[in-house]
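Naming: A, B, ... by sequence-line order, numbering from 1 per chain.
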There are 2 protein chains.
Amino acid sequence: MDAKHPVRTTEKTLALVEELMQKGPCGVTELASDLDMGKSAVHNHLTTLQKHGYVLKDGDDYRVGLKFLEVGGHSRKSMEVYQVAEPEVKSLAADTGELANLLVEEQGMGVYLMRAKGDDAVDLDTYAGLRTNLHTTALGKAILANLPESRVDEIIERHGLEQKTPKSIGTRQELFQVLEAVRERGYAIDDGERLEGLRCLAAPIKSSSGEVLGAISVSAPASRVSDEDLHGSLPERVLSAANVVELNINY
Amino acid sequence: MDAKHPVRTTEKTLALVEELMQKGPCGVTELASDLDMGKSAVHNHLTTLQKHGYVLKDGDDYRVGLKFLEVGGHSRKSMEVYQVAEPEVKSLAADTGELANLLVEEQGMGVYLMRAKGDDAVDLDTYAGLRTNLHTTALGKAILANLPESRVDEIIERHGLEQKTPKSIGTRQELFQVLEAVRERGYAIDDGERLEGLRCLAAPIKSSSGEVLGAISVSAPASRVSDEDLHGSLPERVLSAANVVELNINY
DNA sequence: GTCACCGTTCTCCGGACCAGAACACTTATT
DNA sequence: AATAAGTGTTCTGGTCCGGAGAACGGTGAC
């Protein structure tokens with residue numbers, strides 16, 4: 001569902017924020033030339049954003065402010081799946097010693113709500129708020145496997161099936177085969193698809209009505225996860241964590 | 001420094017976001033009457049925000065989306081003080097078993113960058129991104145005590161000295177006395193000022209040039225913090241954590 | 001001293017925002 | 001089953017505001 005009458009001025013503001021986020025702190029002139037806007041326009045937008053805390057001036061450069069974290073943090077905090085899953089993801093990380101994650105779907109993309117590091121956890125470049133294509137991670141596949149087929153097709157239509165690595169899923173047919181396997185097993189696996197040498201295992205969180213609310217995962221280097229682990233003790237732990245969350249959500 | 005030529009359209013968008021955040025999910029008509037805007041205007045803004053992921057439609061209601069978390073999370077991740085302090089705050093929480101926090105100053109307000117819970121931690125309503133007046137918390141006082149006096153006056157001028165509780169600091173003179181004591185001790189204390197029965201102890205993080213970059217704290221119920229702890233073992237731990245961060249930032 | 005660059009300010013016109021009315025739909029009431 | 005009152009959405013035209021471009025003030029290089 002697209003905006004029939006988009007507010008162009010607002011879109012310019014948002015483009016500015018996006019550009020500022022990607023480039024890091026930078027000046028008025030540079031932003032103006034990147035976005036094909038006049039310097040005065042860029043300046044007006046930036047000072048307006050600054051007035052409300054969304055942007056800060058650092059010397060002569062501007063950078064995105066923490067107001068975004070306030071709004072985003074508030075939004076996250078008010079999500080039931082986050083409130084309930086947060087302690088479980090933490091204890092999953094503590095128990096396994098690895099990196100544990102919580103992902104939800106929003107507008108066809110995966111959004112990391114949190115990550116918790118165990119004592120031996122690898123340090124990935126994921127962070128709370130990061131967006132990712134659903135078909136490229138175990139977390140995303142666990143979610144896709146529990147969405148109606150029509151929804152999955154919409155998502156493919158909208159975001160495509162970009163191949164992050166040669167191992168990535170590249171066709172609709174391949175994806176649906178994988179999702180069928182995920183449904184049978186009850187959990188999804190990523191064996192080096194996203195990052196060479198990294199194994200992930202993810203389980204969906206479903207409401208009592210069968211709707212998928214998110215997914216929980218553990219990520220670990222292949223050197224620490226044997227093939228037996230990958231289909232034995234690890235799924236057990238992740239599924240158990242997801243199950244606890246489901247029980248707590250459904251009271 | 002105020003915007004000389006604010007972009008009014010953008011300000012309307014931001015007001016909408018703010019209202020949506022405070023009220024939680026709600027409909028077009030309600031937002032329109034709250035903000036004294038026409039329904040069509042509200043609708044145009046919301047669909048525009050939705051198109052970019054900043055707002056979502058949930059049935060007939062709209063709510064803030066996680067795009068804010070993406071931008072805010074990115075902004076936080078790119079802050080050196082966060083990168084360096086994050087593991088230290090976590091281990092401070094693990095060691096003490098209590099709630100540990102990291103705060104930075106932005107535009108005269110305190111912004112929580114993270115919180116880490118130890119095994120016995122109290123569950124406050126703070127969250128990453130939350131803003132607070134600096135003079136009402138130990139964290140804020142630790143920061144104010146290390147800002148130039150002129151800066152502190154600017155902040156008082158801009159944000160006032162709102163009294164959250166009867167114990168809160170209410171006058172400029174009182175504040176400066178407290179800040180002087182903080183400078184002498186090297187750490188700041190909040191003994192039930194923010195919340196009855198809650199004790200906090202905070203230490204500043206300073207760069208090699210003496211500039212204050214943020215503050216680290218531990219919050220615990222008074223029942224678990226004796227007066228000796230409050231001036232003995234606890235400051236030692238918090239100061240040590242802050243010190244490690246300082247050393248790592250300054251290489 | 002000169003130049004080249006920056007961020008900021010100013011003015012005026014073309015175009016975009018938005019009030020208000022109409023529409024499609026759902027739900028409650030009679 | 002007809003009505004009414006609520007919702008979100010669409011449409012249009014008039015008015016007001018966003019922004020191009022030029023001018024200004026400051027800073028740093030050479």
Side-chain angles (χ1 to χ4, degrees), chain A residues 1-65 75 106-107 154 158 209, chain B residues 1-65 106-107 154 158:
Chain A
M1 176 57 171
D2 255 20
K4 278 279 189 284
H5 298 285
V7 183
R8 285 168 232 265
T9 307
T10 297
E11 293 198 306
K12 285 177 190 168
T13 300
L14 299 181
L16 246 169
V17 168
E18 193 83 20
E19 188 71 15
L20 205 51
M21 175 175 84
Q22 280 167 15
K23 301 198 64 161
C26 80
V28 174
T29 306
E30 195 175 347
L31 288 170
S33 73
D34 285 351
L35 297 171
D36 271 313
M37 296 171 63
K39 284 200 296 176
S40 66
V42 171
H43 186 257
N44 290 158
H45 281 263
L46 286 174
T47 51
T48 304
L49 285 166
Q50 181 183 25
K51 180 176 166 190
H52 296 270
Y54 291 92
V55 152
L56 297 184
K57 190 158 51 174
D58 227 5
D60 269 358
D61 281 353
Y62 288 88
R63 63 178 178 83
V64 272
S75 175
E106 207 175 88
Q107 298 186 329
E154 276 174 34
R158 180 158 173 198
S209 61
Chain B
M1 176 58 171
D2 255 18
K4 279 278 189 286
H5 299 284
V7 183
R8 285 167 235 259
T9 306
T10 296
E11 292 197 307
K12 284 177 190 169
T13 300
L14 299 180
L16 245 169
V17 168
E18 193 84 20
E19 188 72 14
L20 248 190
M21 175 175 85
Q22 280 167 15
K23 300 199 67 162
C26 78
V28 174
T29 307
E30 194 175 348
L31 288 170
S33 73
D34 286 351
L35 297 172
D36 271 314
M37 296 171 63
K39 286 201 293 175
S40 67
V42 171
H43 187 258
N44 289 158
H45 281 262
L46 286 175
T47 51
T48 304
L49 285 166
Q50 181 184 23
K51 180 176 164 191
H52 296 270
Y54 291 92
V55 153
L56 296 186
K57 189 159 52 174
D58 228 5
D60 269 358
D61 281 353
Y62 288 87
R63 64 177 176 84
V64 258
E106 204 174 270
Q107 297 187 329
E154 276 174 34
R158 179 157 174 198

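Distance, R8(A) CZ to dC17(C) C1': 10 Å, rounded to whole Å. For the pair D60(B) CG and dT26(C) C1', the computed distance is 9 Å after rounding to whole Å. Rounded to whole Å, the distance from CD on E11(A) to P on dG18(D) is 15 Å. Here the P atom of nucleotide dC17(C) and the CG atom of L49(B) are 13 Å apart, to the nearest Å. Atom CG in L31(A) sits roughly 14 Å away from atom P in dA20(D) (whole-Å rounding). Distance NZ (K4(A)) to P (dT9(D)): 11 Å, rounded to an integer number of Å. Atom-to-atom, CG of N44(A) to P of dT8(C) comes out at 11 Å; the value is rounded to the nearest Å. Atom pair H43(B):NE2 and dC25(C):C1' shows a separation of 14 Å (rounding to whole Å applied).
Side chain S40(A) to base dG18(D): no donor-acceptor pair is found below 3.5 Å. Contact of K39(A) with dG21(D) (side chain to base): no donor-acceptor pair of N or O atoms is detected under 3.5 Å.
Between the Q107(A) side chain and the L56(B) main chain, no donor and acceptor come within less than 3.5 Å of each other. With hydrogens and angles ignored, the 3.5 Å screen pairs a side-chain donor or acceptor of T48(A) with a backbone N or O of V7(B).
OP1 or OP2 of dG19(D) has at least one side-chain nitrogen or oxygen of H45(A) nearer than 4.0 Å. For Y62(A) and dT8(C), the shortest distance from a side-chain N or O to OP1 or OP2 is below 4.0 Å. Note on K57(A): every side-chain N or O is 4.0 Å or more away from OP1 and OP2 of dG7(C).
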Problem set entry | Working for side-chain contact (heavy atoms from CB on, under 4.5 Å), residues H52(A) and E18(B) | CA-CA 10 Å; H52(A) 296 270; E18(B) 193 84 20; over 6 Å; no
Exercise. So Y54(B) and T10(A), side-chain contact (heavy atoms from CB on, under 4.5 Å) or not? Walk me through it.
Worked result: CA-CA 12 Å; Y54(B) 291 92; T10(A) 297; over 6 Å; no
For this session: Step by step, work out the side-chain contact (heavy atoms from CB on, under 4.5 Å) result for L46(B) and V28(B).
Result: CA-CA 8 Å; L46(B) 286 175; V28(B) 174; 4.2 Å; yes
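V42(A) comes within 4.0 angstrom of no nucleic acid atom, judged by non-hydrogen atoms across all strands. In this structure, T9(A) reaches the sugar-phosphate backbone alone: every heavy-atom distance under 4.0 Å involves primed, P, OP1 or OP2 atoms, never a base.
Residue whose closest nucleotide on DNA chain C sits further toward the 5' end, between E30(A) and P6(A): E30(A). When each of H5(A) and G38(A) is assigned the nucleotide of DNA chain D bearing its nearest heavy atom, the one mapping closer to the 5' terminus is H5(A). Residue-to-nucleotide proximity on DNA chain C shows that, of A41(B) and C26(A), the 5′-proximal contact is made by C26(A).
Proximity note for K12(B) (side chain, C-beta onward) versus dT9(C), dC18(C), dG19(D): the nearest is dC18(C).
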